[in-house]
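This report refers to the structure that appears directly beneath it.
Side chains included, hydrogens not; waters and symmetry mates left out as well; all remaining heavy atoms used. Treat the numbers as computed from the prediction; the structure is a model and nothing was measured. By convention in this document, chain letters (A, B, ...) are assigned in the order of the sequence lines, proteins followed by strands, and residues within each chain are numbered from 1.
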There are 2 protein chains.
Amino acid sequence: MPNNQFKRGELYSVINGMASTAVARRLQKNFRQSGLEITIEQWSVLYHLWKEDCLSQQELCNRTFRDKPSITRLIDNLEKQKLVKRTASKTDRRINLVCLTDAAKEMQQVTIDIANQTMNEALVGVIKEDIETVKKVFQQVFDNLI
Amino acid sequence: MPNNQFKRGELYSVINGMASTAVARRLQKNFRQSGLEITIEQWSVLYHLWKEDCLSQQELCNRTFRDKPSITRLIDNLEKQKLVKRTASKTDRRINLVCLTDAAKEMQQVTIDIANQTMNEALVGVIKEDIETVKKVFQQVFDNLI
DNA sequence: TGAAATTAGTTGCATAACTAACTATATGCC
DNA sequence: GGCATATAGTTAGTTATGCAACTAATTTCA
């Protein structure tokens, strides 16, 4: 078998993130077509703030799986777009609490609808059981590497 | 149910590419620890050239799922590092054939060993059957969105 | 109490992504 | 042949990522 060293090859698509990239691109496209001027990365930050507002930047790092500089700059851009506001914590002066503006709160429902619709497009022909398996495997991979 | 609009929430980790990001980071770290000075993006280009050398940039776009500017710059950097060389096609003067240097050929085995080892680390505790399911779902998602 | 270690956040640098606009070559078709 | 169209690749601008080094505030503990 001449290509023995590539026997795992199909799995490198996981490394390249081809499936998640495809989903992300489609979501970005769907946002754009609805006239929403946010990136998927910004959206993923807003997503966690909609679940729980006024998180510290560190907490956003943990929840979005990004490092601190990435969050610093995402928050910079979100602040420029008036979607969030940094507020100094009263109990710990090192901490910035990142809070949603009214404009961001208004975006919640429509963007989540678009995200759900995008996931539906992505998952056509995929049975629920297999989705559960993917979630399980992802969690295991995540736990193995973190 | 107050959080109804988030019912699909767990799946947004697919959009965020958390699992593939974790694998990619680990692979990058393993490369670095072996003294290999390449990025995973560069590696993914080399990977396709090891399978078939002297591909056009457009073909590399298709196989690595990147757009043309991304490939232009990846090839720029790989050329600076003397790992590939652009060669004009003799039959179509628009086309650059991207060919491996000897230095790149020598990197094949060790980097693929590291990638396989990284996948093994990532997949500890995951059964073969579930891996097949993930591959199947990814392929379906990909086909749905491309 | 006060020095050392930890934690939160920022900045600088290199690489990479997407979009849009561009050049150059090739192909199709009248 | 020659114009319209398509294809291959590059460039410019904005956003994002990872790492390392940095400041400022807090906690630990001798």
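D:dA20 atom C1' lies 11 Å from atom CZ of B:Arg32, rounded to whole Å. A:Gln28 places its CD atom 17 Å from the P atom of D:dT14, with the value rounded to the nearest Å. Rounded to a whole Å, the CD atom of B:Gln33 is 12 Å from the P atom of D:dC19. The nearest whole Å value for the distance from the NZ atom in A:Lys68 to the P atom in D:dC19 is 13 Å. The separation between A:Asp92 atom CG and D:dA24 atom P is 16 Å, rounded to whole Å. Atom CZ of B:Arg94 and atom C1' of D:dT7 are 5 Å apart (whole Å).
Taking every heavy atom of residues 71-84 of chain A and every atom of DNA chain C, pairs under 4.0 Å involve A:Thr72, A:Arg73, by number.
Ion pairing between a basic and an acidic side chain is recognised when a charged N comes within 4.0 Å of a carboxylate O; B:Glu132 and B:Lys128 show no such pairing. Classification of B:Arg66 and B:Glu41 as a salt-bridged pair fails, no side-chain N sitting under 4.0 Å from a carboxylate O. Here B:Glu79 does not pair with B:Lys85 in a salt bridge; the nearest charged N to carboxylate O distance is not below 4.0 Å. Taking a cutoff of 4.0 Å between a charged side-chain nitrogen and a carboxylate oxygen, A:Arg86 and A:Asp76 qualify as a salt bridge.
Taking every side-chain heavy atom of A:Thr39 into account, D:dA16 is the closest of D:dG18, D:dA16, D:dT26.
If you look at B:Phe138 and B:Phe65, their ring centroids are not closer than 6.0 Å.
By the neighbour-count criterion of 12 heavy atoms within 6.0 Å, atom CD of A:Glu37 is sparsely surrounded, having that number or fewer from other residues, nucleotides or ligands.
Here the range on DNA chain C touched by chain B, meaning any atom under 4.0 Å from one of its heavy atoms, is C:dT15 to C:dA26.
Considering only side-chain N and O atoms, B:Gln57 lies nowhere under 4.0 angstrom from the phosphate OP1 or OP2 of D:dA8. In this model, the phosphate group of D:dT10 is approached by a side-chain N or O of B:Arg86 to a distance below 4.0 Å at OP1 or OP2.
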Does the pair A:Val84 and A:Val45 meet the rule for a side chain to side chain contact (heavy atoms under 4.5 Å, CB included), with working shown? CA-CA 10 Å; A:Val84 303; A:Val45 171; 5.6 Å; no

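Projected onto DNA chain D by closest heavy-atom contact, A:Ile40 and B:Lys29 fall at different nucleotides, the more 5' of which corresponds to A:Ile40. Taking the nucleotide of DNA chain D with the nearest heavy atom to each of B:Ser56 and A:Glu41, the more 5' of the two is matched to B:Ser56.
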